[in-house]
Structure formats: C-alpha cells, structure tokens
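To find a chain, count down the sequence lines: A is the first, B the second, and so on, and within it residues start at 1. On a predicted model such as this, the values are computed, not experimentally measured, just so you know.
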There are 2 protein chains.
Amino acid sequence: MEGKTAEISKAAFLRFPAYLRYLKAEEAAGVGYVSSSEIAEDMHLSAVCVRKDLALVASEPGKPRLGFAVGKLIGDLERALGYHLKTHACVVGAGRLGRAFLVYDGFEHYGIDVVAAFDISPAQVGALRGKPIYPMERLKEIAERENVRLGILTVPGEAAQQACDAMVEAGITAILSFAPAYVRVPEGVTLRCEDLAASLASLSAETEKSGA
Amino acid sequence: MEGKTAEISKAAFLRFPAYLRYLKAEEAAGVGYVSSSEIAEDMHLSAVCVRKDLALVASEPGKPRLGFAVGKLIGDLERALGYHLKTHACVVGAGRLGRAFLVYDGFEHYGIDVVAAFDISPAQVGALRGKPIYPMERLKEIAERENVRLGILTVPGEAAQQACDAMVEAGITAILSFAPAYVRVPEGVTLRCEDLAASLASLSAETEKSGA
DNA sequence: TGTAAATCGATAAAAAAATATCGATTCGAG
DNA sequence: CTCGAATCGATATTTTTTTATCGATTTACA
C-alpha cells in the first residue's frame, strides 16, 4: 500500500512534456500563476483533462481564483518525468542525424548526458565539439566503462538489426531507434521506434482529412 | 452513412507504421503469408488487437489456416496511411538536424518529397546533394511556387515562434516541430511537436520503472 | 477422401480514458 | 466587511479502446 503515488495513466504521461514546454514559456513571460482553463484553451485541451493531469503531479493543490504556481508546477512535472535522474546515453551511427544528437545541447535539461557516438566507418571516427566518435568495435568497452544505459540508433535500415544486437551485447537496456526498419530485441530491453518519415506522413494524412 | 470507410481509431492508426515495418521485413525474408497470431507474438501485441487492426485496412479477408498475404497487406496499409499521395515538404532551419532531413532518402517511400530547406544564416545557404538551401526571405515565394504544404521545423527553441509564423504566412498548413519550445499556431494549421529529448527521457524513465 | 488443427471474423465484456456536472473554497471589487 | 465571480477537486457519465469468447471456414495431412 503506497501512500499517494497514484497510477499515472499512459496517455497523461505523454502529455506532460507538452505542459512543461508551455509552462516554461509562461514562466519566461513572467507569469506567476496559471489556471487550468487558461492552459486548456492555449493547448487545445479540455479544462477537465488538464485539471486531472495536474492533480496527478502537483505537490500542492491549485488555489481557487488564482490557479497553479508556474514555477512549482514545472518542478513537479520534471520530477514526475524523471528529469532529475542522471543517465548516460550514446549514439550508434554517426551520420547526419547521429551527429545532430551527439552535439545537441538540449538533453541536459532532461537529465541525459550523451557521452559518445559510434560508427562502423573509420572515416567518421574522431570527435565533434569535444564529444568523441569511436569505432563500433569499442562500443562494449566504452559503454561498460561509462555506464551507458540508453542508446540512440541512427543507422541505415539495413544495418539496424546488427547494430541493435551490438548495443544489447554492450549492456544497453533502452533503445530509441530512428532506423526505418523492424528490429528485434530480447526480453528485458526496451525498444521504441521513432519513424520520422511515418510521423511526417501521418501528419500529412491528417491534414488532408480535415482540410479538404 | 458512408459505405464501408469505417472509422479507423486513432490508436490503431498509430500502430500501422509498425505493422508496415514488420511486414516489409517479412516480405524481404521471402514470407508469403503471415497469420495475425504470428504478427502479434513478434510485435508483442495481442492477437485480437492485430486482427481488428488488419480488418480495418485489409482489402481481402485473411484465409483461415494461412493468414494474410504479405504483399497485399503492405499495399493496403500504405494506402490507408496515405503514402500513395504525393506531398511536397520543406525544412526550416538548416542545422545538423535540418540537413539530415533534407537529404534523408527514406521519405520517398512515404509519398513525401522534401524540396528545399531554409535558414536565416547566409552561411548555410547553398545546396546539399542537389537539394537547395535558401535564405528565409524566400520561404513564401518558393513554398507557393512548389506548392509546399508540409514544413519541418528544426530551429533553436528561441527562434521557433518566429520561424513558425513565417511558415504559416507562406501557406504551410501542417508543421512537424522539433524545436524544444512551445509555439502557437492559428486555427487551421496542424502542429505536431516531436520533442526528441523528452522522448528519450521518457524512455529512460520507463526503463527505470520496470527495471529496478 | 475424410479428419483434425488452426485460423478468421463477429459479438460481447472489460478496461481505460475523456468529458460532464456540482458543491466548496477563496480572491478581489465595491 | 460583504457579495459575487471564478476556480478547484471530486463524483458520475459517456465514449473510446482493448481484451475475451465462440462458431464457421479452410487448409494440411493421413
């Protein structure tokens, strides 16, 4: 019997990052309090939905007539999302996309530290803005040494399965794949596929539907 | 009262790309028929869910004891996802991520043609593998000329709103944003935010939860 | 050719999520 | 100080999505 750590629904969890972005924009604009109806209108959600979501994470109740303290909410959301934990990640596949991840400086706010990239081509080996790019052979060695748990897979589709296997072998337990291919992972390894092309295509299809 | 164009649930629609990836892998392996239970096991879904999803798109029913014809299903899914339609897209923000999108050759399978990129910095202007990179001033002109409907937003967070406004002004009606910022769009414009860092962070959090 | 095994598709039930309603609370203006 | 407007949070309802069950069909094999 856990005290108050209620069950956070999967759908709500997916909305949290959007709240966070919105609240940070409000904070930057100097807003101190926001009401749930205000959030709802700006974010195109129902006010009830917002209230329910915030009730899941808010450390203190909202004040009638005022709303929620923006700064407080941001902290609560970040904690709920686990951004306060520090995690080491690596990139496998140092192409354009992979290198973009390697040097992207937005991860630190999320508790993620991308420590290195790996590539099968010797031509890519080196470094970028101080972040090293190693040959694939060293994946296991470096991953174990740096305690890397997270892997970002950005290789061409035909190389995806092999690269993925190497990551699993190196002890990586969570993989975010951008490779346009179906890959198989063993039990105990979490895999999420972000098919950017498919995402874009579905967005396009959606627009067609509602537009014309 | 529409004939047979049944309502495709939103959740099912999101699963379609994954089916597609899986089926293409099977096809490449020379498999002619797959049963829904086989798909379910490989993809970690329930067999009933798979059958319901496939029933929404399949142009011909599955055969008992055999399953569905792989090639046929692939075609059906692609049609349902709108990949047969041709759409022009552009990239706004020609940094590393933006350039990765510009030259990514996987979009053509999805009916998307990325025709150009735009950047505010004159240093980025030029071309990459035959794809032009224009200055932001020419966005509207080019977008209208090329009939661009889709925009991929890959600028730093602080430039996102301004760039987004320019895209809307240029007649773009669907925007896929990778900028880590909250942006506001007018009615009639579809916006989807892909917060890569948040996605990675949530994956990490998920693993923590189930792992330890 | 006949039998058995396994699949499909449809109907029904369960679970989850979104939405609606209502009283209690409290801030701000008069 | 009092009144009114607006918000919160909780309960209830509706909708959506997932999961379960069952008979019909068909292929493979003896």
Spell out protein contact along nucleotides 11-20 of chain C as letters: B when the base is contacted, S when just the sugar-phosphate is, - when no protein heavy atom is under 4.0 Å; keep the 5' to 3' order.
-> ------SSBB
Separation of [N] [atom2] from [X] [atom1] (nearest whole Å):
{"X": "B/Leu73", "N": "C/dC8", "atom1": "CG", "atom2": "P", "value": "10 Å"}
{"X": "A/Glu41", "N": "D/dT7", "atom1": "CD", "atom2": "C1'", "value": "15 Å"}
{"X": "A/Leu54", "N": "D/dA10", "atom1": "CG", "atom2": "C1'", "value": "16 Å"}
{"X": "A/Phe68", "N": "D/dA6", "atom1": "CZ", "atom2": "C1'", "value": "14 Å"}
{"X": "B/Phe13", "N": "D/dT17", "atom1": "CZ", "atom2": "P", "value": "13 Å"}

For the residue pair A/Arg192 and B/Ser202, establish whether any side-chain heavy-atom pair is separated by less than 4.5 Å.
->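 Yes, their side chains come closer than 4.5 Å.
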Could you list the residues that satisfy salt bridge (charged side-chain N to carboxylate O under 4.0 Å, His left out) with [X], not counting sequence neighbours?
{"X": "B/Arg65", "value": "none"}
{"X": "B/Glu169", "value": "B/Lys140"}
{"X": "B/Glu141", "value": "B/Arg138"}
{"X": "A/Asp53", "value": "A/Arg15"}

All N/O donor-acceptor pairs, side-chain side in residues 173-185 of chain A, below 3.5 Å, sequence neighbours left out:
{"from": "A/Ser177", "atom 1": "OG", "to": "A/Ala179", "atom 2": "N", "distance (Å)": "3.2"}
{"from": "A/Tyr182", "atom 1": "OH", "to": "B/Asp42", "atom 2": "O", "distance (Å)": "3.2"}

Pair listing, ring pair (Phe, Tyr, Trp, His ring centres under 6.0 Å) test, anchored in residues 34-74 of chain A, at least two apart |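 Sorted pair list comes back empty.
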What parts of residues 29-37 of chain A reach DNA chain D, counting only heavy atoms under 4.0 Å away?
->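 When residues 29-37 of chain A is checked for heavy atoms under 4.0 Å from DNA chain D, the hits, listed by number, are A/Ser35, A/Ser36, A/Ser37.
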Among all residues two or more places apart in sequence or in another chain, which pass the side chain to side chain donor-acceptor pair (under 3.5 Å) test with A/Glu78?
->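 For A/Glu78, the residues satisfying side chain to side chain donor-acceptor pair (under 3.5 Å) (neighbours in sequence not counted) are A/Lys24.
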For B/Ser59, all residues meeting side chain to side chain donor-acceptor pair (under 3.5 Å), sequence neighbours excluded =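 B/Ser59: side chain to side chain donor-acceptor pair (under 3.5 Å) contacts with B/Asp76.
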Please tabulate, one pair per line, all N/O donor-acceptor pairs under 3.5 Å involving side-chain atoms of residues 93-115 of chain B, not counting sequence neighbours.
{"from": "B/Arg99", "atom 1": "NH1", "to": "B/Ala94", "atom 2": "O", "distance (Å)": "2.9"}
{"from": "B/Arg99", "atom 1": "NH1", "to": "B/Gln124", "atom 2": "OE1", "distance (Å)": "3.2"}
{"from": "B/Tyr110", "atom 1": "OH", "to": "A/Asp195", "atom 2": "OD2", "distance (Å)": "3.1"}

Polar atom pairs (N or O), protein with nucleotides 22-30 of chain D, under 3.5 Å:
none

What heavy-atom pair brings B/Ala160 and B/Leu153 nearest, and what distance separates the two atoms?
->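 Closest pair (atom of B/Ala160, atom of B/Leu153, distance): O-CD2, 4.1 Å.
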